[in-house]
Amino acid sequence: MLNIVLFGAPGAGKGTQAAILAGEHDLVHLSTGDILRKEIASGTELGKQAQGFIDKGEFVPDRVVIDIIRSQIEQHPDAKGFIFDGFPRTTAQAETLDRLMTEKGMQIASMVALDVETGELVKRLLKRGASSGRADDRSLDVIRNRIDVYHRKTEPIIGYYHTQKKYHPIDGTGDIADISDRLRRHVKGL
Ligand code: UDP
Ligand code: MG
């Protein structure tokens, strides 16, 4: 099995690269953000709970995202592996994911971080907001808060995976195809 955490700030390109990598290796692409947006679009109770957090650029409570991850893993018993995109977002979530992996006889092979500087992130998110209509990409205040929350709560996860010798930063700038090449080269070596 090949289980990868694709890590990076909002706008780093996790969704784009996760989809490419999942296609190439026949892995299940698990984006908690995409799942939450679908729940919101369908007007489910879970979606209603999540929306307030997402609109402010805050995190949906751990229990909610962890339940999503657990149920997705259980829905794909024959998966060749998973790419986690946008999860974990806190060290506590990373610890819970490890426990869940152990429980299922699985493990994370690598945490690949897409490095992109803040100015470029803001530019990409505003561009995405203009085309996709994602509300949290259209407000500069919400974008700034998401990046701030990323630095405070998500970036410390790097230390967690670094200790496990699983942290692999790659340059997340340039052409999408070039970034995929860097990612592919790393994954081939796992
Ligand atoms: N979100 C969350 N936990 C998750 C995934 C997403 O709280 O595990 C929320 C959070 O409010 C985040 C939003 O959903 O700002 C969008 O997340 P996504 O990963 O899709 O966006 P990105 O950070 O890649 O721009
Ligand atoms: Mg995303």
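For ligands, and for the atoms within them, numbers begin at 1 and follow the listed sequence.
In summary, the side chains of D85 and Q17 do not present any donor paired with an acceptor at a separation below 3.5 Å, with no hydrogens or angles considered.
Among protein heavy atoms, atom 6 (C) of ligand 1 sits closest to R89 NH1, 3.4 Å. What sits closest to atom 11 (O) of ligand 1 on the protein, heavy atoms only, is E58 O, 2.6 Å. In terms of protein heavy-atom proximity, atom 24 (O) of ligand 1 is nearest to K14 NZ, 3.2 Å. Nearest non-hydrogen protein atom to atom 20 (O) of ligand 1 is R37 NH2, 2.8 Å. Nearest non-hydrogen protein atom to atom 15 (O) of ligand 1 is R146 NE, 3.7 Å. Atom 1 (N) of ligand 1 has as its closest protein heavy atom L36 CD1, 3.8 Å.
Below 4.0 Å from some heavy atom of G86 lie the following atoms of ligand 1, by number and element: 4 (C), 5 (C), 8 (O). Every atom of ligand 1 is numbered from 1 in the order shown, and the set under 4.0 Å from a heavy atom of V60 is 2 (C), 7 (O).
Which of L125, D62, L6, I54 comes nearest to atom 9 (C) of ligand 1 through a heavy atom is settled by distance: it is I54. Nearest-heavy-atom check against atom 13 (C) of ligand 1 across I143, I68, D136 picks out D136.
A salt bridge links R124 with E120: at least one charged nitrogen is closer than 4.0 Å to a carboxylate oxygen. For R128 and D136, the salt-bridge test fails: no basic side-chain N is under 4.0 Å from an acidic carboxylate O. A salt bridge is absent between R70 and D67; no separation between the charged side-chain nitrogens and carboxylate oxygens falls under 4.0 Å.
Between R134 and ligand 1, an N or O atom pair is found at a separation short of 3.5 Å. Of the polar atoms of S31, none of the N or O atoms is found under 3.5 Å from an N or O of ligand 1, judged by distance alone. Distances between N or O atoms of T32 and those of ligand 1 include at least one value under 3.5 Å. Considering both main-chain and side-chain atoms, D137 never comes within under 3.5 Å of ligand 1 through any nitrogen or oxygen pair.
Using a 4.5 Å heavy-atom threshold, the side chains of L125 and L140 count as separate. Within the 4.5 Å cutoff, the side chain of L36 has no heavy atoms near those of the F53 side chain.
Aromatic ring orientation, H168 versus H186: tilted (interplanar angle from 30° to 60°). Ring geometry for Y150 against F7 counts as tilted: the plane angle lies between 30° and 60°, on a 0 to 90° scale.
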Check against salt bridge (charged side-chain N to carboxylate O under 4.0 Å, His left out), R152 and D148: CA-CA 6 Å; R152 285 188 291 113; D148 179 55; 3.2 Å; yes
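In this structure, R128 has a heavy atom closer than 4.0 Å to ligand 1.
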